[in-house]
Amino acid sequence: MVTQSDDIPELLPGTLYMLVLRALSRGPLHGYAIARRIRDTSANALAIEDGSLYPALNRMLVKGWLKAEWGTSENNRRARFYRLTAQGRQQLERETKGFDKLVLAIQRVMRTA
Amino acid sequence: MSGRLANRLMAAWRRLTHFGRASTFDRELDEEIGLHIEMRADELQQDGLTRADALARARREFGSPLHVKEQTREAWQFRWLEETRSDISYAARALRRNPGFAAAGVFSLALGIGANTSIFSLTLEFLFSEPSSRDAGTLVAMRVGGNSHAHMKHYRFLRDASLFAGLAGSNEEAEANWRSGNETHRLHAMRVTDNFFGVVGVPLAMGRPIEPGDRDVVVLSDRFWRNRLGARADVIGRALTIDGRPHTVSGVLPPDHRTVLGFGFAPDVYLPASRENDVVALIARLPDGTSLEAAYARLVAACRELDKVYPPEWNPKASWVTNTEVVPVAGLARLRNLSMVPFVAFFSMLLIVVGLVLLIACANVSNLLLARASTRRQELAIRLALGAGRRRIVRQLLAESLLLAVLGAAAGLLLNLWLAAILNRVELPLPIPVHLLIEPDWRLFGYAAAIAVASALVAGLLPALRATRGGVSPALKRTERQVEGHGRLRGGLIVAQLAVSVVLLTMGVLFVRNMTRSMTMSPGFDADGAVWASVRLVPENYPSEEQVRNLTSAALSELRALPGVEAASVARIVPLNGNSVRGDMVQPDASAEPVLVRFHNNEVGPDYFRTMGIPILAGREFAPSDRKGSPEVAILNENLARRLFGDRDPVGRTFRYPAPNPSAPISVVGVAANSKHFTLGEENPMALYSPYSQGAGGNLTPQLLVRSSRPAGLVREIAQRLGTLDRSAAIEVKPMRSALGFALLPSRVGAALLGSAALLGLALASIGLYGVLAYSVTRRTSEIGLRMALGADGRAVLKMVLRESGALVGWGVAIGLGIAVFATRPLAMFLVSELRPTDPLTWLGVIGALAAVAAAATLAPALRAIRIDPLTALRSE
């Protein structure tokens, strides 16, 4: 699911969900736009293999975090747009908090060790 | 927690809605992936790549679309469902490769599951069938003053008290004479109050029910309409001559009609209870939400009122409140009734017995699976080595036994349907109409599914865990022959199987012996030379007792005039065909205190004892001079004579009934030998006979009895002769022997059911024994070959096989007998008194039968063992 090229760090498991939720928090996007948003906001530091986005999106649809609707893209093509549900927003909050805690803990360990 | 559950349910729901739109989903996903790659390519092109390079790179960045699609699809699937599907198809392939194994397994389970579901169906029909009604849950049967039936005036009083949402009554023991052509037939009728159909809500197939105000209408059962009226569609509105008067057919019941009584009770017709001397059992519709306790309280209050208006006739000081009951007509609550105990006990026993049969079948399948696991050991080891989880493989092996069980259940259900069709057609030799109506329903299918899963687990879990135990390397190294533990486990299973079948066999032998004992047992009267003519007179045609008397004595003179008739008499009840039990205080002249005795009380005419072949031990028979108006007399059987008078000679002594008002003294004129009265199994019944014309002269259903040297030849002649006396009377004539059918029914049913269960268990266990011995011989082929090469002869080899078989059978019998000694003890309640469960003859029979079957199962493997050719056997190694 996650690329492991030499210079790009490996994603922590489950992080992809958080990234997608984050990307969608400002409004509905289609699949490619989500991939780009993730790449852009992380300044290419985190890249995912584009294809792995779709199983993740569908798993999130099953969980009820997202809804998908067909609409028209910026260059007038039929595209499937994903948007957060209320449940998805809650999940994002939960995951952000959890992630912050994790990062803090790791930092503490790295500093004291 | 509940939030998480809700989320899971919602997720499952979303997955479910995904089913059925798979092709749309695939198309849309293709479109989405295509768009993604194109957009990426567009962007790359803007960065300066050629279109071809941009597309190629976009594809590379995307990864394998096939893989992505596969994974995306999986997001929507139920994982366990997919895995199960693959497990099942794997199992199906495995079974198809081994048709012999599959057939043996399915056959065993089909017999086990078929037996179980059949007994379950029977139990449902007898104990849990719901009456055909609107909402049976709020219907209750009621008794007041301990009486099963109430007189019409009492019924009307309670009905008009409007205690419930409706109160109706029915008399299930009613009969009616139907004149058809030149013959009069006795019909079993259910006489119901005119609001009965409305209160109970009985559905009809045709026409309308009996409605308030109706007289002389009749509602037909489907069976009567079909078999007796040729299923004519225009039957509604036609008139049938019933009890001498035309009755208009108002409706026909559906074929699946069940009465409120249950037990397969199936009257021919429903008639209105319109006579003032009719009696009805009460049935009430409770208003919604009324508890049984509240209903009981209301009924008790009404009984107090009833006491004021109609004090109980049998004792003005008594009250209707005593022994007042409210019992639901359907569901589990009905079974709490005391009278249901023997039925519940019998069906529980049957369910346990067929459960044991199923266990034997499961053990067979287990053994088959174990044998196969040994040959598949290397395949499994390789799969474990390749990284398949043990759980996964156990699941796969279980899927195989589940598939066997499901196939077995399907075949078992077919067996069940076939048996049910036979049982539904059986005409039971009962004095009341009982027709089973066993139909498959969701409860049956649920039960079949449940026992299929249970047997898959029971049969499959142990072999599956065994097969995957011990990790990879030892399994890979071991050869099939070295798997020692399996042999022991399989032997243990066989011992268990044999032990269980010994228990079953003991029960079967006991019940079969019970039947033969009942059939050869003397009922205390001589049934062989006697004919029984049951007569029913139409009440409206005999308004006075005098007319009944005249008809009865005219009938007796007709019978006595027939050539070949040695004696003829009349009785109110024919022994073993009706309940004559009475509990009463009796005050013998010899003692100061009255004694409370339970005795059978029958009214019999002169010559009764000679006709029935019951010896008179002292004193005399009744004579024609013992008539109404002459001093009251009685004949006691030995048991009652001893109870009342001890060792004194009772003839010439008197007794009286002290309560409620002291009766005139009744003198004992004779003592008759003991005989059976209600059941063949009853022990030391006490009996008191009164002269027919003193007690039952006005009886509309006189039972005429004839002794003759040629009973069978007389049947037609008697019917014709009696028919000429009164054309409206219904007459049924049969040899007394066949009249014993009712009494023999319980022992026959018991013998048939438990005998078949025992045979089934024995057959399955012997197949198991055969399988294990045959497998053991095959496994030891080279060992036997070596022994023979070293000089062992056929006898030594034979001894080896027999020793193995003998050890298994010996242990099985020993353990089984140990269990059976205790397990069969409670069966005494179902057996005739002369037969004790601990009777040594039974044990001998069991051991003999098992030894014979075991010998047969050992024969083939033993022969194969001594025919082993040492050279071939050793070469194959």
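These numbers were taken from a predicted model, which means no experiment stands behind them. Lettering of chains follows the sequences in order, A, B, ..., and the numbering in each one begins at 1.
- Side-chain atoms of B:R14 come within 3.5 Å of backbone atoms of A:V62 as a donor-acceptor pair (strictly under, hydrogens ignored).
- Considering all non-hydrogen atoms of both residues, B:A75 and A:P55 come closest at CB-O, 4.1 Å.
- Within residues 24-32 of chain B, the residues having any heavy atom closer than 4.5 Å to a heavy atom of chain A are B:F25, B:E28, B:E31, B:E32, listed by residue number.
- For A:R78, the parts sitting under 4.5 Å from any heavy atom of chain B are the backbone and the side chain alike.
- Of the options B:R60, B:R59, B:E61, a side chain to side chain contact (heavy atoms under 4.5 Å, CB included) to A:D50 is made by B:E61 and by none of the others.
- In this structure, A:L53 CG and B:I33 CD1 are separated by 10.5 Å, a value rounded to the nearest 0.5 Å.
- Taking CE of B:M39 as the reference point, atom CZ of A:R77 lies at 6.5 Å (rounded to 0.5 Å).
- Applying the salt bridge (charged side-chain N to carboxylate O under 4.0 Å, His left out) definition to pairs two or more places apart or across chains, none involves residues 15-26 of chain A.
- Close approach to chain A, defined as a heavy atom under 4.5 Å from one of its heavy atoms, is seen in no residue of residues 455-462 of chain B.
- Screening B:K69, B:H36, B:Q71 for a side-chain hydrogen bond (donor to acceptor under 3.5 Å, both in side chains) involving A:Y54 leaves a single residue, B:H36.
- There is a side-chain donor-acceptor pair under 3.5 Å between B:E43 and A:Y32.
- In this structure the side chain of B:V68 never reaches within 4.5 angstrom of the side chain of A:S52, judged on heavy atoms.
- Contact residues of residues 85-94 of chain A toward chain B are A:Q87 (heavy-atom distance under 4.5 Å).
- Put simply, of B:M10, B:E70, B:R40, B:E38, the one with the most heavy-atom pairs under 4.5 Å next to chain A is B:R40.
- Around CG of B:D288, the count of heavy atoms belonging to other residues, nucleotides or ligands within 6.0 Å does not exceed 12.
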